[in-house]
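For reference, positions follow the sequence shown, starting with 1.
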Amino acid sequence: MFTVALAFVFFLVGYVLHPSWLHPYWPLLLLFFASLSFLQHRLLSLGNERGADGFVLFYLAFTVSRLVLSLAFIGFFIWQRIDSRSAFIGAFLGLFICYTTFEIYGLTRNLRRNS
């Protein structure tokens with residue numbers, strides 16, 4: 001639902017305002033972050049089945065893999081010499097911060113309930 005809401009906002013902003021900071025590859029960026037969110041959900045569900053120690057181990061492993069995959073994703077597109085590199089990196093970092101904030105909010109909400 002979070003990804004659908006972000007896609008709606010990006011589409012609306014792009015359709016109405018045509019800003020220069022909105023990179024044309026924004027749907028691909030959203031797809032990348034939606035894939036990471038799905039991977040996180042699956043890994044953390046698997047870690048949760050193994051108990052508290054498994055959850056922490058899988059969460060830390062996912063955090064490291066998310067950083068590595070993000071760097072590889074950005075590196076690939078920069079290597080391909082896309083147009084508007086600064087807009088692409090800005091949109092990527094903005095989405096990275098949005099998804100990280102949403103993830104932290106979800107974790108703290110669940111941790112309060114389970115403590």
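Sorted pairs that involve residues 2-11 and meet salt bridge (Lys or Arg N to Asp or Glu O under 4.0 Å), not counting sequence neighbours, are lacking altogether. Counting only residues at least two apart or in different chains, salt bridge (Lys or Arg N to Asp or Glu O under 4.0 Å) contacts with residues 23-38 are absent. Sorted by first and then second residue, the pairs that involve residues 64-75 and meet salt bridge (Lys or Arg N to Asp or Glu O under 4.0 Å), not counting sequence neighbours, are R66-E103. Applying the salt bridge (Lys or Arg N to Asp or Glu O under 4.0 Å) test to residues at least two apart or on different chains, none of the pairs has a partner in residues 74-94.
Taking the side chain as every heavy atom from C-beta outward, I82 and F76 never approach each other to under 4.5 Å.
Under the rule for a side chain to side chain contact (heavy atoms under 4.5 Å, CB included), the partners of I104 that lie at least two apart in sequence or sit in another chain are T100, T108. Remark: L69 engages F32, L36 in a side chain to side chain contact (heavy atoms under 4.5 Å, CB included) (not counting sequence neighbours). Residues satisfying the ring pair (Phe, Tyr, Trp, His ring centres under 6.0 Å) test with F96, not counting sequence neighbours, are none. Every side chain to side chain contact (heavy atoms under 4.5 Å, CB included) that L43 has, sequence neighbours left out, goes to L39, F58, F62.
How far OG of S70 is from CG of L95: 10.5 Å, rounded to the nearest 0.5 Å. In this structure, OG1 in T63 is found 7.5 Å from CD in Q40, a value given to the nearest 0.5 Å. With rounding to the nearest 0.5 angstrom, the OG atom of S84 is 11.0 Å from the CD1 atom of I89. To the nearest 0.5 angstrom, L60 atom CG is 10.5 Å from S65 atom OG.
When all heavy atoms of F92 and L29 are compared, the pair lying nearest together is CD1-CD2, 3.6 Å. The shortest non-hydrogen separation linking L28 to F77 is CD2-CZ, 3.0 Å.
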So L30 and Y99, side-chain contact (heavy atoms from CB on, under 4.5 Å) or not? Walk me through it. CA-CA 10 Å; L30 279 176; Y99 274 89; 4.1 Å; yes
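Residue F73 is not grouped with residue F38 when hydrophobic side chains (ILVMFWY) are merged at heavy-atom distances under 4.5 angstrom, including chains of intermediate members.
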